[in-house]
**Q** 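Take a look at the following structure, please.
Residue numbering restarts at 1 for every chain, and letters A, B, ... go by the order of the sequence lines. Note that the structure is a prediction, hence the values are computed from the model and not measured.
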There are 2 protein chains.
Amino acid sequence: MIHIKEIAKQTKITVRTLRYYDQIGLLTASSKTEGGHRLYSEEDLKKLQQIQFLKGIGYSLKDIEDMLSDPKWNWMISMKSQLVYILEEQERLKSIECSLRELLNGLTVEGGDNYLAIQKLIQLSNQNKKRLLTFRENMFNDKELELWAKLPKMRGEDPNSLEWIALLGQIKRHMKGDPASSRVQNIIRRMIEKQMEDFEDGDEFINKLWDLRKSPSQSEKLGLYPIEKEVLDFMERAYEIHISFLQDSSIEQGGRS
Amino acid sequence: MIHIKEIAKQTKITVRTLRYYDQIGLLTASSKTEGGHRLYSEEDLKKLQQIQFLKGIGYSLKDIEDMLSDPKWNWMISMKSQLVYILEEQERLKSIECSLRELLNGLTVEGGDNYLAIQKLIQLSNQNKKRLLTFRENMFNDKELELWAKLPKMRGEDPNSLEWIALLGQIKRHMKGDPASSRVQNIIRRMIEKQMEDFEDGDEFINKLWDLRKSPSQSEKLGLYPIEKEVLDFMERAYEIHISFLQDSSIEQGGRS
DNA sequence: ACTTGAAAGTGACGTTACGTCATTTTGTAT
DNA sequence: ATACAAAATGACGTAACGTCACTTTCAAGT
């Protein structure tokens, strides 16, 4: 016969919990002292360990009581359905994870210190859930859809998407400066590099996308993160400056050779 | 100004919940009629949608209240830690999934209709958690450890492990019959086929494993599903019969050729 | 036998985010 | 004015205990 504290120590279940299990009739101590102290047997201990295990895999105490009290319980069925439940829960958490990453990436771009950004992002996230795929599928052909998959999505967690997001965030933070500054030009060069790496053969696609980006309403329908017009304008200016630099330097090179 | 029922319809949040949010001060209707009916503004609606979103990604109402009432809340930090929490939860569920698959596969082998099997499996599962890897690593060398990874584990969900488990279960169900019967022999043949497919070059390893299997205590330490001695004996008999058939037929073939 | 401090007992309230009555008031259409 | 829908309030219930307060029992030392 084992005292309640010893049971608690062995199973790491609190004394309070043991008394609670007694109270709800899940595990009654098999005997008591004259004074009313609970005394547990080895069998009680075993049963408790089973309870502990079943609780660990997500069953409620009520379920566990039903299981253990019914000698012809169909374990196969209930465990299969429990597995299904666990799998569903995992999917739910996975989609929460996506939302969170989307928000965090959004915050990275926006600067992350103002409440307005949050509001915008939450609103965006909310409506994204309702939007369907159809619009996107009407807009592009198959080859383009393939390229589409490479686009940085706000929920992306791959280093590729993350770099796009980081670059965009940096552009935003330098918007008050000069588009010809070396910082901005370096960012632009990196973006062009990436664009060529990721979408080598999709020039037409890129142009179409760029046009779309300029229309906020279209962008939203596509589930793209909306880039403000000022940012796009700033990027275009910086882009043109970059191109003109390239031409200048190639002329120089041509002169020398 | 919007009536409570309209808000409920638009957000799919129940009227009761709206009143509750009012009660705890999370979202107070911005005005009321003379009679005390709640009237919500467009801003209230927006705030409610934010609440809904934040609740959806797992925050408690208390947390949400803190967030929304503090204008300089650090969203970045709290969302990162929330992401960490979500990732941990996913791991927890993943390990629950493993336990469940282990149990279900165990039930498949045992026949799944007796409570004793469950008790045994739960006990096994419990002690597996405590057991460490060291014993296994002392027992086999590197090449063998590679093969080890191919062994059917009870928590396996790949078709390969599942077939092993299924075959074992079938053997168990035919144990009262004749080891020379065609059913049993077909199962044995399939097992030998699989054994050759999976462990082509590991004869010594297979033998060592087979010996281990005969020692229940060693098996348990390795985290292998313990196969009862009677089952192993039955399998050995069937195996010998199978071998002798093979020899007979090869003699016949030899005679003809 | 008596004392005493630790351990055990019981009972009650708190927690989360509402659901579900029951009862009373208010709003609105006729 | 009346009738009926919709809203309000209040109270209790849920799951699985934690925490406090107060009382009783156990086991050991004197």
**Q** A/K62 NZ to D/dA15 P: how many Å, rounded?
**A**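 For the pair A/K62 NZ and D/dA15 P, the rounded distance is 9 Å.
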
**Q** Side chain of B/L61 only, please: which of D/dT25, C/dG27, C/dA17 is the nearest?
**A**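 The nucleotide sitting nearest to the side chain is C/dA17.
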
**Q** Please report, rounded to the nearest Å, how far the C1' atom of C/dG9 is from the CZ atom of A/R38.
**A**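 From A/R38 CZ to C/dG9 C1': 7 Å.
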
**Q** Would you tell me if any nitrogen or oxygen in the side chain of A/T14 comes within less than 4.0 Å of OP1 or OP2 on D/dC17?
**A**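 So the side chain of A/T14 is outside the cut-off, no N or O lying under 4.0 Å from OP1 or OP2 of D/dC17.
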
**Q** Of B/E34 and A/H37, whose closest DNA chain C nucleotide lies nearer the 5' terminus?
**A**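 Nearer the 5' end of the strand: A/H37.
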
**Q** What's the closest nucleotide to the B/T33 side chain, out of C/dA7, C/dT26, C/dA17?
**A**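 Looking only at heavy atoms from C-beta outward on B/T33, the closest nucleotide is C/dT26.
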
**Q** May I have the distance from A/K32 (atom NZ) to C/dT10 (atom P), rounded to whole angstrom?
**A**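 Taking atom P of C/dT10 as the reference, NZ of A/K32 is at 5 Å.
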
**Q** Are B/K32 and B/L39 packed together at the side-chain level, in the sense that at least one heavy-atom pair is separated by less than 4.5 angstrom?
**A**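 No - every pair of side-chain heavy atoms lies 4.5 Å or more apart.
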
**Q** If you apply the rule side chain to side chain contact (heavy atoms under 4.5 Å, CB included), what do you find for A/L168 with A/M235, and how did you get there?
**A** CA-CA 10 Å; A/L168 213 50; A/M235 282 174 69; 4.2 Å; yes

**Q** In whole angstrom, what separates B/I24's CD1 from C/dA17's C1'?
**A**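 Roughly 8 Å, once rounded to whole Å.
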
**Q** Okay, side chain of B/D70, backbone of B/D66: is any donor-acceptor separation there less than 3.5 Å?
**A**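 Flag not set: sc B/D70 to bb B/D66 has no pair under 3.5 Å.
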
**Q** Nearest to the side chain of A/R16, which nucleotide is it out of C/dA17, D/dT19, C/dG19?
**A**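 Per side-chain heavy atoms of A/R16, the pick is D/dT19.
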
**Q** Let me know which of B/R92, B/Q90, B/E97 forms a side chain to side chain donor-acceptor pair (under 3.5 Å) with A/Q90.
**A**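 The option that passes is B/E97.
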
**Q** Between P on D/dC20 and CZ on A/R19, what's the gap in Å once rounded to a whole number?
**A**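 One finds 15 Å between P of D/dC20 and CZ of A/R19, rounded.
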
**Q** Can a side chain N or O of A/K55 be found less than 4.0 Å away from OP1 or OP2 on D/dC17?
**A**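 Checking A/K55 against D/dC17: at least one side-chain N or O falls below 4.0 Å of OP1 or OP2.
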
**Q** Rounding to a whole Å, what distance do you find between A/L18:CG and C/dG9:C1'?
**A**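 Spelled out: CG on A/L18 to C1' on C/dG9 is 14 Å.
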
**Q** 5'-most contact on DNA chain D: A/H3 or A/T17, nearest heavy atom basis?
**A**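 Closer to the 5' end of DNA chain D: A/T17.
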
**Q** Could you check how far OH of B/Y20 sits from C1' of D/dT14, rounded to whole Å?
**A**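 In whole Å, D/dT14 C1' lies 13 Å from B/Y20 OH.
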
**Q** Is A/I51 close to A/Y21 at the side-chain level, that is, under 4.5 Å between some pair of heavy atoms?
**A**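 Yes, side chains in contact.
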
**Q** Using only side-chain N and O atoms of B/Y21, determine if any of them is under 4.0 Å from OP1 or OP2 of C/dC18.
**A**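 Yes, within the criterion.
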
**Q** B/I4 has an atom CD1; how far is it from atom C1' of D/dA5, in whole Å?
**A**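 Those two atoms, CD1 and C1', are 15 Å apart.
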
